[in-house]
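Proteins come first, then strands; the chains are lettered A, B, ... in the order of their sequence lines, and each starts at number 1. All heavy atoms count here, side chains included; hydrogens, waters and symmetry mates do not. Small disclaimer: the values here were computed from a predicted structure and weren't measured.
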Protein chains: 2
Amino acid sequence: MNARAVRPRGRPRSFDADAAMAQLIDAFWQGGYGATSVDDLARASGLARPSLYAAFGDKHAIYLAALDRVGQGMAAQVGALLDAEPDLATALRAVLRAATDVYLEGALGPRGCLIVCTATAESVEDPVIRAKLADVLDAMDALVAARFERARVEGNLAPGIDPVRRAPLVAATIHSLAVRARAGMDRALLEAMADEAAAVLAR
Amino acid sequence: MNARAVRPRGRPRSFDADAAMAQLIDAFWQGGYGATSVDDLARASGLARPSLYAAFGDKHAIYLAALDRVGQGMAAQVGALLDAEPDLATALRAVLRAATDVYLEGALGPRGCLIVCTATAESVEDPVIRAKLADVLDAMDALVAARFERARVEGNLAPGIDPVRRAPLVAATIHSLAVRARAGMDRALLEAMADEAAAVLAR
DNA sequence: TGATATTTATACCATTTCGCATTAAATTGA
DNA sequence: TCAATTTAATGCGAAATGGTATAAATATCA
(Lines give C-alpha, C1' and ligand atoms only; values in the text may rest on other atoms or scores of the structure.)
Protein backbone atom coordinates (compact mmCIF):
# COMPACT_ATOMS: atom_id res chain seq x y z
CA MET A 1 0.00 0.00 0.00
CA ASN A 2 3.02 2.26 0.34
CA ALA A 3 3.43 4.73 -2.45
CA ARG A 4 7.13 3.90 -2.36
CA ALA A 5 8.29 0.43 -1.55
CA VAL A 6 11.42 1.71 0.20
CA ARG A 7 11.92 4.92 2.05
CA PRO A 8 13.87 7.50 0.16
CA ARG A 9 17.44 8.14 1.09
CA GLY A 10 17.76 11.36 3.08
CA ARG A 11 15.98 13.05 5.93
CA PRO A 12 12.29 12.27 5.81
CA ARG A 13 9.60 14.91 5.51
CA SER A 14 8.23 16.17 8.78
CA PHE A 15 4.89 17.15 7.22
CA ASP A 16 2.10 15.56 5.23
CA ALA A 17 2.15 17.06 1.77
CA ASP A 18 -1.55 16.45 1.16
CA ALA A 19 -2.59 18.09 4.41
CA ALA A 20 -0.26 21.00 3.70
CA MET A 21 -1.77 21.42 0.25
CA ALA A 22 -5.23 21.48 1.79
CA GLN A 23 -4.13 24.37 3.99
CA LEU A 24 -2.60 26.14 1.02
CA ILE A 25 -5.85 25.77 -0.88
CA ASP A 26 -7.73 27.25 2.05
CA ALA A 27 -5.42 30.24 2.12
CA PHE A 28 -5.92 31.01 -1.58
CA TRP A 29 -9.63 30.28 -1.36
CA GLN A 30 -10.05 32.85 1.34
CA GLY A 31 -7.75 35.62 0.21
CA GLY A 32 -7.50 35.10 -3.52
CA TYR A 33 -4.23 34.98 -5.43
CA GLY A 34 -3.02 38.54 -5.21
CA ALA A 35 -3.76 39.20 -1.57
CA THR A 36 -2.14 35.97 -0.39
CA SER A 37 1.60 36.35 0.11
CA VAL A 38 4.12 33.56 0.25
CA ASP A 39 4.47 34.34 3.93
CA ASP A 40 0.74 33.77 4.34
CA LEU A 41 1.12 30.44 2.58
CA ALA A 42 4.00 29.43 4.80
CA ARG A 43 2.04 30.40 7.90
CA ALA A 44 -1.08 28.59 6.73
CA SER A 45 0.76 25.38 5.91
CA GLY A 46 3.11 25.52 8.87
CA LEU A 47 6.10 25.19 6.56
CA ALA A 48 9.14 27.38 6.37
CA ARG A 49 9.45 29.11 3.04
CA PRO A 50 12.29 26.99 1.66
CA SER A 51 10.33 23.82 2.42
CA LEU A 52 7.34 25.29 0.69
CA TYR A 53 9.37 26.05 -2.43
CA ALA A 54 11.02 22.65 -2.39
CA ALA A 55 7.76 20.76 -2.02
CA PHE A 56 5.39 22.73 -4.23
CA GLY A 57 7.34 25.32 -6.20
CA ASP A 58 6.64 29.03 -6.22
CA LYS A 59 3.40 30.85 -5.51
CA HIS A 60 2.16 30.52 -9.05
CA ALA A 61 2.75 26.77 -9.16
CA ILE A 62 1.03 26.30 -5.81
CA TYR A 63 -1.99 28.21 -7.06
CA LEU A 64 -2.21 26.15 -10.22
CA ALA A 65 -1.98 22.96 -8.18
CA ALA A 66 -4.77 24.27 -5.96
CA LEU A 67 -6.96 24.96 -8.99
CA ASP A 68 -6.28 21.46 -10.27
CA ARG A 69 -7.10 19.76 -7.04
CA VAL A 70 -10.27 21.75 -6.42
CA GLY A 71 -11.39 21.35 -10.01
CA GLN A 72 -10.94 17.60 -9.91
CA GLY A 73 -12.68 17.35 -6.57
CA MET A 74 -15.63 19.35 -7.83
CA ALA A 75 -15.93 17.29 -10.98
CA ALA A 76 -15.86 14.08 -8.98
CA GLN A 77 -18.51 15.26 -6.55
CA VAL A 78 -20.77 16.69 -9.22
CA GLY A 79 -20.39 13.61 -11.37
CA ALA A 80 -21.32 11.35 -8.48
CA LEU A 81 -24.39 13.39 -7.58
CA LEU A 82 -25.55 13.54 -11.18
CA ASP A 83 -25.18 9.81 -11.55
CA ALA A 84 -26.88 8.91 -8.32
CA GLU A 85 -30.30 10.46 -8.90
CA PRO A 86 -32.44 8.81 -11.59
CA ASP A 87 -34.60 11.90 -12.15
CA LEU A 88 -32.98 14.82 -13.96
CA ALA A 89 -34.57 17.65 -11.99
CA THR A 90 -33.78 15.90 -8.72
CA ALA A 91 -30.18 15.35 -9.81
CA LEU A 92 -29.76 19.01 -10.75
CA ARG A 93 -31.28 20.09 -7.46
CA ALA A 94 -28.88 17.83 -5.55
CA VAL A 95 -25.89 19.34 -7.34
CA LEU A 96 -27.03 22.91 -6.82
CA ARG A 97 -27.82 22.31 -3.17
CA ALA A 98 -24.45 20.66 -2.62
CA ALA A 99 -22.71 23.61 -4.27
CA THR A 100 -24.60 25.96 -1.97
CA ASP A 101 -23.41 24.06 1.07
CA VAL A 102 -19.79 24.13 -0.03
CA TYR A 103 -19.89 27.80 -0.96
CA LEU A 104 -21.32 28.86 2.38
CA GLU A 105 -18.48 27.25 4.33
CA GLY A 106 -15.48 29.26 5.46
CA ALA A 107 -13.78 30.31 8.69
CA LEU A 108 -14.04 34.02 7.99
CA GLY A 109 -17.39 33.77 6.26
CA PRO A 110 -18.86 32.28 3.10
CA ARG A 111 -16.20 32.08 0.45
CA GLY A 112 -17.86 30.82 -2.73
CA CYS A 113 -15.71 28.92 -5.21
CA LEU A 114 -11.94 29.12 -5.46
CA ILE A 115 -12.09 28.84 -9.22
CA VAL A 116 -15.00 31.13 -10.03
CA CYS A 117 -14.22 33.77 -7.42
CA THR A 118 -10.43 34.01 -7.44
CA ALA A 119 -9.08 32.62 -10.72
CA THR A 120 -11.24 35.01 -12.74
CA ALA A 121 -9.45 37.99 -11.24
CA GLU A 122 -6.12 36.77 -12.62
CA SER A 123 -7.27 35.32 -15.89
CA VAL A 124 -6.83 38.35 -18.12
CA GLU A 125 -3.17 38.96 -17.36
CA ASP A 126 -2.24 35.34 -16.70
CA PRO A 127 -2.84 33.06 -19.69
CA VAL A 128 -1.91 29.93 -17.78
CA ILE A 129 -4.54 30.57 -15.15
CA ARG A 130 -7.00 31.50 -17.86
CA ALA A 131 -6.45 28.21 -19.67
CA LYS A 132 -6.90 26.21 -16.49
CA LEU A 133 -10.05 28.17 -15.66
CA ALA A 134 -11.45 27.49 -19.11
CA ASP A 135 -10.69 23.79 -18.78
CA VAL A 136 -12.56 23.51 -15.50
CA LEU A 137 -15.56 25.40 -16.84
CA ASP A 138 -15.65 23.30 -19.99
CA ALA A 139 -15.43 20.09 -17.99
CA MET A 140 -18.37 21.13 -15.83
CA ASP A 141 -20.47 21.98 -18.86
CA ALA A 142 -19.64 18.64 -20.43
CA LEU A 143 -20.53 16.76 -17.26
CA VAL A 144 -23.94 18.40 -17.07
CA ALA A 145 -24.56 18.02 -20.79
CA ALA A 146 -23.86 14.31 -20.51
CA ARG A 147 -26.47 14.07 -17.75
CA PHE A 148 -29.03 15.85 -19.93
CA GLU A 149 -28.17 13.48 -22.73
CA ARG A 150 -28.69 10.51 -20.43
CA ALA A 151 -32.10 11.93 -19.47
CA ARG A 152 -32.97 12.30 -23.13
CA VAL A 153 -32.04 8.71 -23.85
CA GLU A 154 -34.05 7.58 -20.86
CA GLY A 155 -37.08 9.57 -21.93
CA ASN A 156 -36.70 11.82 -18.89
CA LEU A 157 -36.23 14.99 -20.93
CA ALA A 158 -38.85 17.10 -22.65
CA PRO A 159 -38.38 17.04 -26.42
CA GLY A 160 -37.02 20.27 -27.80
CA ILE A 161 -34.40 20.62 -25.07
CA ASP A 162 -30.90 20.52 -26.50
CA PRO A 163 -28.50 19.13 -23.86
CA VAL A 164 -25.58 21.15 -25.14
CA ARG A 165 -27.54 24.38 -25.16
CA ARG A 166 -29.21 23.80 -21.83
CA ALA A 167 -26.28 22.51 -19.78
CA PRO A 168 -24.43 25.84 -19.56
CA LEU A 169 -27.42 27.32 -17.75
CA VAL A 170 -26.98 24.80 -14.97
CA ALA A 171 -23.31 25.66 -14.66
CA ALA A 172 -24.33 29.31 -14.79
CA THR A 173 -26.44 28.78 -11.70
CA ILE A 174 -23.42 27.27 -9.98
CA HIS A 175 -21.27 30.24 -10.96
CA SER A 176 -23.83 32.64 -9.59
CA LEU A 177 -24.22 30.68 -6.38
CA ALA A 178 -20.48 31.04 -5.90
CA VAL A 179 -20.54 34.77 -6.53
CA ARG A 180 -23.57 35.37 -4.34
CA ALA A 181 -22.26 33.28 -1.46
CA ARG A 182 -19.01 35.21 -1.48
CA ALA A 183 -20.99 38.45 -1.53
CA GLY A 184 -22.59 37.35 1.72
CA MET A 185 -26.11 36.63 0.50
CA ASP A 186 -28.39 34.59 2.75
CA ARG A 187 -28.63 30.83 2.53
CA ALA A 188 -32.38 31.08 2.00
CA LEU A 189 -31.89 33.10 -1.14
CA LEU A 190 -29.30 30.70 -2.50
CA GLU A 191 -31.42 27.65 -1.78
CA ALA A 192 -34.45 29.22 -3.42
CA MET A 193 -32.34 29.97 -6.46
CA ALA A 194 -30.98 26.42 -6.56
CA ASP A 195 -34.47 24.94 -6.39
CA GLU A 196 -35.94 27.31 -8.93
CA ALA A 197 -33.12 26.62 -11.36
CA ALA A 198 -33.38 22.86 -11.00
CA ALA A 199 -37.11 23.01 -11.64
CA VAL A 200 -36.99 25.44 -14.56
CA LEU A 201 -33.97 24.08 -16.39
CA ALA A 202 -35.02 20.43 -16.37
CA ARG A 203 -38.26 21.00 -18.23
CA MET B 1 -23.43 75.00 -17.70
CA ASN B 2 -20.19 75.23 -15.73
CA ALA B 3 -20.05 72.93 -12.76
CA ARG B 4 -18.61 75.84 -10.81
CA ALA B 5 -19.70 79.38 -11.49
CA VAL B 6 -16.24 80.77 -10.71
CA ARG B 7 -12.91 79.14 -11.13
CA PRO B 8 -11.35 77.93 -7.89
CA ARG B 9 -8.48 79.83 -6.48
CA GLY B 10 -5.19 78.03 -7.12
CA ARG B 11 -3.48 76.22 -9.94
CA PRO B 12 -6.07 74.52 -12.12
CA ARG B 13 -6.10 70.78 -12.73
CA SER B 14 -4.22 69.72 -15.78
CA PHE B 15 -6.31 66.55 -16.20
CA ASP B 16 -9.95 65.57 -16.57
CA ALA B 17 -10.96 63.73 -13.44
CA ASP B 18 -13.68 61.76 -15.22
CA ALA B 19 -11.38 60.59 -17.97
CA ALA B 20 -8.73 59.69 -15.44
CA MET B 21 -11.26 57.67 -13.46
CA ALA B 22 -12.22 55.84 -16.64
CA GLN B 23 -8.58 54.84 -17.09
CA LEU B 24 -8.35 53.79 -13.45
CA ILE B 25 -11.42 51.62 -13.90
CA ASP B 26 -9.85 50.02 -16.94
CA ALA B 27 -6.72 49.20 -14.99
CA PHE B 28 -8.61 47.48 -12.20
CA TRP B 29 -10.95 45.78 -14.64
CA GLN B 30 -8.04 44.22 -16.42
CA GLY B 31 -5.73 43.31 -13.59
CA GLY B 32 -8.05 42.98 -10.63
CA TYR B 33 -7.45 44.66 -7.29
CA GLY B 34 -4.50 42.76 -5.93
CA ALA B 35 -2.37 42.67 -9.05
CA THR B 36 -2.83 46.37 -9.80
CA SER B 37 -0.32 48.53 -7.96
CA VAL B 38 -0.60 52.24 -7.31
CA ASP B 39 2.17 52.67 -9.82
CA ASP B 40 0.06 50.86 -12.38
CA LEU B 41 -2.80 53.20 -11.58
CA ALA B 42 -0.59 56.23 -11.94
CA ARG B 43 0.71 54.98 -15.26
CA ALA B 44 -2.76 54.15 -16.53
CA SER B 45 -4.21 57.51 -15.59
CA GLY B 46 -1.17 59.51 -16.58
CA LEU B 47 -1.04 61.09 -13.13
CA ALA B 48 1.85 61.28 -10.75
CA ARG B 49 1.21 59.39 -7.54
CA PRO B 50 0.64 62.43 -5.32
CA SER B 51 -1.92 63.82 -7.75
CA LEU B 52 -3.66 60.48 -7.73
CA TYR B 53 -3.85 60.46 -3.95
CA ALA B 54 -5.04 64.05 -3.82
CA ALA B 55 -7.74 63.56 -6.39
CA PHE B 56 -9.09 60.12 -5.56
CA GLY B 57 -7.55 58.88 -2.31
CA ASP B 58 -5.68 55.64 -1.87
CA LYS B 59 -5.92 52.43 -3.84
CA HIS B 60 -8.83 51.15 -1.81
CA ALA B 61 -10.86 54.30 -2.24
CA ILE B 62 -10.18 54.35 -5.96
CA TYR B 63 -11.34 50.76 -6.27
CA LEU B 64 -14.54 51.47 -4.37
CA ALA B 65 -15.22 54.48 -6.57
CA ALA B 66 -14.65 52.26 -9.61
CA LEU B 67 -17.14 49.69 -8.33
CA ASP B 68 -19.66 52.48 -7.72
CA ARG B 69 -19.30 53.97 -11.14
CA VAL B 70 -19.43 50.67 -12.97
CA GLY B 71 -22.35 49.45 -10.88
CA GLN B 72 -24.35 52.57 -11.56
CA GLY B 73 -23.55 52.46 -15.25
CA MET B 74 -24.62 48.83 -15.47
CA ALA B 75 -27.86 49.49 -13.63
CA ALA B 76 -28.66 52.39 -15.91
CA GLN B 77 -27.97 50.42 -19.07
CA VAL B 78 -29.84 47.33 -17.93
CA GLY B 79 -32.76 49.41 -16.72
CA ALA B 80 -33.01 51.19 -20.04
CA LEU B 81 -32.90 47.97 -22.05
CA LEU B 82 -35.48 46.31 -19.84
CA ASP B 83 -37.79 49.29 -20.18
CA ALA B 84 -37.43 49.66 -23.92
CA GLU B 85 -38.67 46.24 -25.03
CA PRO B 86 -42.36 45.56 -24.53
CA ASP B 87 -41.95 41.77 -24.61
CA LEU B 88 -40.30 40.15 -21.61
CA ALA B 89 -38.28 37.49 -23.42
CA THR B 90 -37.09 40.05 -25.94
CA ALA B 91 -36.09 42.42 -23.16
CA LEU B 92 -34.14 39.72 -21.34
CA ARG B 93 -32.41 38.73 -24.54
CA ALA B 94 -31.42 42.34 -25.19
CA VAL B 95 -29.89 42.63 -21.74
CA LEU B 96 -28.00 39.36 -21.98
CA ARG B 97 -26.72 40.16 -25.45
CA ALA B 98 -25.59 43.60 -24.31
CA ALA B 99 -23.79 42.08 -21.36
CA THR B 100 -22.05 39.67 -23.71
CA ASP B 101 -20.84 42.53 -25.86
CA VAL B 102 -19.47 44.45 -22.90
CA TYR B 103 -17.78 41.42 -21.38
CA LEU B 104 -15.99 40.50 -24.59
CA GLU B 105 -14.34 43.91 -24.87
CA GLY B 106 -10.83 44.51 -23.61
CA ALA B 107 -7.43 45.50 -24.92
CA LEU B 108 -5.65 42.38 -23.64
CA GLY B 109 -8.61 40.12 -24.26
CA PRO B 110 -12.15 39.63 -22.96
CA ARG B 111 -12.36 40.80 -19.38
CA GLY B 112 -15.84 40.00 -18.13
CA CYS B 113 -17.27 42.17 -15.40
CA LEU B 114 -15.25 44.30 -13.00
CA ILE B 115 -17.64 43.56 -10.18
CA VAL B 116 -18.27 39.86 -10.68
CA CYS B 117 -14.73 38.95 -11.67
CA THR B 118 -12.53 41.13 -9.46
CA ALA B 119 -14.54 42.24 -6.41
CA THR B 120 -15.40 38.66 -5.50
CA ALA B 121 -11.72 37.85 -4.96
CA GLU B 122 -11.46 40.51 -2.26
CA SER B 123 -14.85 40.13 -0.67
CA VAL B 124 -14.00 37.62 2.04
CA GLU B 125 -11.22 39.60 3.66
CA ASP B 126 -12.58 43.05 2.85
CA PRO B 127 -16.03 43.70 4.34
CA VAL B 128 -16.36 47.08 2.64
CA ILE B 129 -15.89 45.58 -0.79
CA ARG B 130 -18.19 42.72 0.15
CA ALA B 131 -20.95 45.13 1.15
CA LYS B 132 -20.62 47.07 -2.08
CA LEU B 133 -20.63 43.86 -4.09
CA ALA B 134 -23.78 42.71 -2.33
CA ASP B 135 -25.45 46.05 -3.01
CA VAL B 136 -24.78 45.85 -6.72
CA LEU B 137 -25.99 42.26 -6.95
CA ASP B 138 -29.14 43.07 -5.00
CA ALA B 139 -29.86 46.08 -7.18
CA MET B 140 -29.56 43.98 -10.32
CA ASP B 141 -31.92 41.34 -8.95
CA ALA B 142 -34.42 44.02 -8.00
CA LEU B 143 -34.25 45.60 -11.42
CA VAL B 144 -34.98 42.32 -13.15
CA ALA B 145 -37.67 41.35 -10.66
CA ALA B 146 -39.43 44.65 -11.34
CA ARG B 147 -39.40 43.86 -15.05
CA PHE B 148 -40.92 40.44 -14.41
CA GLU B 149 -43.54 42.12 -12.24
CA ARG B 150 -44.33 44.55 -15.03
CA ALA B 151 -44.76 41.62 -17.41
CA ARG B 152 -47.09 39.96 -14.95
CA VAL B 153 -49.21 43.09 -14.66
CA GLU B 154 -49.29 43.40 -18.43
CA GLY B 155 -50.32 39.77 -18.87
CA ASN B 156 -47.00 39.01 -20.53
CA LEU B 157 -45.95 36.44 -17.92
CA ALA B 158 -47.05 32.84 -17.60
CA PRO B 159 -48.97 32.31 -14.37
CA GLY B 160 -47.05 30.41 -11.74
CA ILE B 161 -43.85 32.36 -12.33
CA ASP B 162 -42.83 34.28 -9.22
CA PRO B 163 -40.89 37.41 -10.25
CA VAL B 164 -38.79 37.40 -7.11
CA ARG B 165 -37.84 33.74 -7.48
CA ARG B 166 -37.22 33.92 -11.19
CA ALA B 167 -35.26 37.17 -11.43
CA PRO B 168 -32.06 35.85 -9.78
CA LEU B 169 -31.73 33.31 -12.58
CA VAL B 170 -31.46 36.12 -15.09
CA ALA B 171 -28.76 37.80 -13.04
CA ALA B 172 -27.14 34.38 -12.67
CA THR B 173 -26.86 34.19 -16.44
CA ILE B 174 -25.18 37.58 -16.43
CA HIS B 175 -22.72 36.44 -13.74
CA SER B 176 -21.84 33.37 -15.74
CA LEU B 177 -21.43 35.34 -18.94
CA ALA B 178 -18.92 37.49 -17.09
CA VAL B 179 -17.00 34.50 -15.77
CA ARG B 180 -17.03 32.69 -19.09
CA ALA B 181 -15.97 35.72 -21.09
CA ARG B 182 -13.02 36.26 -18.76
CA ALA B 183 -12.13 32.60 -19.13
CA GLY B 184 -11.82 33.19 -22.86
CA MET B 185 -14.86 31.27 -24.06
CA ASP B 186 -16.08 31.92 -27.60
CA ARG B 187 -18.64 34.54 -28.44
CA ALA B 188 -20.83 31.93 -30.11
CA LEU B 189 -21.12 29.98 -26.89
CA LEU B 190 -21.96 33.09 -24.88
CA GLU B 191 -24.57 34.23 -27.37
CA ALA B 192 -26.18 30.83 -27.44
CA MET B 193 -26.33 30.86 -23.68
CA ALA B 194 -27.82 34.34 -23.64
CA ASP B 195 -30.53 33.34 -26.10
CA GLU B 196 -31.32 30.06 -24.39
CA ALA B 197 -31.60 31.79 -21.01
CA ALA B 198 -33.85 34.53 -22.33
CA ALA B 199 -36.14 31.96 -23.90
CA VAL B 200 -36.25 29.55 -20.98
CA LEU B 201 -36.51 32.02 -18.14
CA ALA B 202 -39.30 34.13 -19.60
CA ARG B 203 -41.78 31.28 -19.84
C1' DT C 1 31.07 4.27 11.78
C1' DG C 2 31.34 7.34 8.01
C1' DA C 3 29.91 8.89 3.31
C1' DT C 4 25.77 10.30 0.95
C1' DA C 5 21.28 12.26 0.37
C1' DT C 6 17.39 14.91 1.61
C1' DT C 7 14.84 18.15 4.56
C1' DT C 8 14.63 22.05 7.67
C1' DA C 9 15.81 26.56 9.73
C1' DT C 10 18.07 30.95 9.86
C1' DA C 11 19.01 34.65 7.59
C1' DC C 12 19.82 37.40 3.76
C1' DC C 13 19.17 40.15 -0.68
C1' DA C 14 17.13 42.65 -4.47
C1' DT C 15 12.94 44.56 -5.80
C1' DT C 16 8.55 46.38 -5.38
C1' DT C 17 5.14 48.85 -3.01
C1' DC C 18 2.89 52.39 -0.53
C1' DG C 19 2.42 56.67 1.16
C1' DC C 20 4.11 61.25 1.92
C1' DA C 21 7.40 65.26 2.57
C1' DT C 22 9.21 68.74 0.02
C1' DT C 23 9.69 71.80 -3.50
C1' DA C 24 8.41 73.82 -8.00
C1' DA C 25 4.71 75.56 -10.97
C1' DA C 26 0.44 77.88 -12.18
C1' DT C 27 -3.31 80.62 -11.28
C1' DT C 28 -6.40 84.19 -8.64
C1' DG C 29 -7.18 88.26 -5.90
C1' DA C 30 -5.62 92.60 -4.00
C1' DT D 1 3.52 93.28 -8.72
C1' DC D 2 3.13 90.31 -4.85
C1' DA D 3 0.83 87.40 -1.42
C1' DA D 4 -2.26 83.48 -1.20
C1' DT D 5 -3.87 79.17 -2.84
C1' DT D 6 -4.02 75.06 -5.19
C1' DT D 7 -1.91 71.50 -8.18
C1' DA D 8 2.20 68.96 -10.07
C1' DA D 9 6.69 66.58 -9.90
C1' DT D 10 10.69 64.63 -7.75
C1' DG D 11 12.18 61.61 -4.86
C1' DC D 12 12.69 59.61 -0.16
C1' DG D 13 12.15 55.92 3.38
C1' DA D 14 9.99 52.26 5.77
C1' DA D 15 7.84 47.98 5.10
C1' DA D 16 6.56 43.99 2.60
C1' DT D 17 7.43 40.68 -0.98
C1' DG D 18 9.40 36.86 -3.61
C1' DG D 19 13.01 34.01 -3.79
C1' DT D 20 17.35 31.74 -2.34
C1' DA D 21 22.11 30.79 -0.20
C1' DT D 22 24.01 28.49 3.51
C1' DA D 23 24.51 25.49 7.05
C1' DA D 24 22.54 22.39 10.55
C1' DA D 25 19.69 18.28 11.24
C1' DT D 26 18.14 13.62 10.18
C1' DA D 27 17.90 9.80 7.80
C1' DT D 28 19.80 5.66 4.60
C1' DC D 29 23.42 2.77 2.73
C1' DA D 30 27.85 0.58 2.63
Side-chain angles (χ1 to χ4, degrees), chain A residues 2-25 27-28 30-67 118 121-122 125-126 128-129, chain B residues 2-24 27-28 30-66 118 121-122 125-126 128-129:
Chain A
N2 283 341
R4 288 167 171 169
V6 277
R7 289 182 83 171
R9 194 83 188 290
R11 175 173 176 173
R13 280 216 165 121
S14 64
F15 62 93
D16 175 9
D18 264 16
M21 178 53 80
Q23 300 298 102
L24 295 170
I25 288 173
F28 276 132
Q30 188 161 282
Y33 183 77
T36 303
S37 70
V38 177
D39 265 346
D40 291 333
L41 294 174
R43 228 182 329 261
S45 62
L47 303 184
R49 288 234 295 279
S51 298
L52 198 60
Y53 276 93
F56 305 108
D58 65 8
K59 180 179 168 180
H60 196 250
I62 298 173
Y63 185 69
L64 290 175
L67 291 183
T118 77
E122 316 304 322
E125 296 194 338
D126 189 323
V128 180
I129 292 179
Chain B
N2 281 344
R4 289 168 171 170
V6 276
R7 289 180 84 169
R9 193 84 188 291
R11 176 174 174 173
R13 282 219 164 116
S14 64
F15 62 91
D16 175 9
D18 264 16
M21 178 53 79
Q23 300 298 104
L24 295 170
F28 277 131
Q30 188 162 280
Y33 183 77
T36 303
S37 70
V38 178
D39 266 346
D40 291 334
L41 294 173
R43 229 183 328 263
S45 62
L47 304 184
R49 283 227 297 284
S51 299
L52 198 58
Y53 278 95
F56 304 108
D58 65 7
K59 180 179 166 179
H60 196 252
I62 298 173
Y63 185 68
L64 290 175
T118 77
E122 317 303 322
E125 296 193 339
D126 189 324
V128 180
I129 292 178

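- For F56(B) and dA8(D), the CZ to P distance is 10 Å, given to the nearest whole Å.
- Residues in residues 36-56 of chain B take part in these salt bridge (charged side-chain N to carboxylate O under 4.0 Å, His left out) pairs, two or more places apart or across chains: D39(B)-R49(B), D40(B)-R43(B).
- With hydrogens and angles disregarded, a donor-acceptor distance shorter than 3.5 Å links the side chain of K59(A) to the backbone of Y33(A).
- With rounding to whole Å, Y33(A) atom OH is found 10 Å from dG18(D) atom C1'.
- In this structure, S51(B) reaches the dA8(D) phosphate: one of its side-chain N or O atoms is under 4.0 Å from OP1 or OP2.
- Classification of the F56(A)-F15(A) ring pair by plane angle, with boundaries at 30° and 60°, yields tilted.
- The base of dG18(D) sits with one of its N or O atoms less than 3.5 Å from a complementary donor or acceptor on the side chain of R49(A).
- Between E122(A) and A35(B) the shortest heavy-atom distance is OE1-CB, 4.3 Å.
- What separates CG of D40(B) from C1' of dT17(C) is a distance of 10 Å, to the nearest Å.
- Residues forming a side-chain contact (heavy atoms from CB on, under 4.5 Å) with A44(B) (at least two apart in sequence, or on another chain): A27(B).
- If R9(A) and P50(A) are placed on DNA chain D by their nearest nucleotide, the residue sitting closer to the 5' end is P50(A).
- The distance between atom OH of Y53(A) and atom P of dC12(C), rounded to the nearest whole Å, is 18 Å.
- For the pair R11(B) and R43(B), nearest-nucleotide mapping onto DNA chain C gives the more 5' position to R43(B).
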Exercise. Decide yes or no on side chain to side chain donor-acceptor pair (under 3.5 Å) for Y63(B) and T36(B), but give the supporting numbers first.
Key: CA-CA 10 Å; Y63(B) 185 68; T36(B) 303; over 6 Å; no
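- Shown here for A65(B) and M21(B), the closest heavy-atom pair between the two residues is CB-CE, 3.7 Å.
- Remark: C1' of dA15(D) and CG of D39(A) are 12 Å apart, rounded to the nearest angstrom.
- Going from atom NE2 of H60(B) over to atom P of dC18(C) covers 13 Å, rounded to whole Å.
- When rounded to the nearest whole Å, the span between CG of L52(B) and C1' of dT7(D) equals 14 Å.
- A straight line from CG of D58(B) to P of dT17(C) spans 16 Å, rounded to a whole angstrom.
- Residues from residues 13-23 of chain B lying near DNA chain C, meaning a heavy-atom separation below 4.0 Å, are absent.
- Within 4.0 Å of P12(A), counting heavy atoms only, lie sugar-phosphate atoms of the nucleic acid but no base atom.
- Side-chain N/O atoms of K59(B) include one lying less than 4.0 angstrom from OP1 or OP2 on dC18(C).
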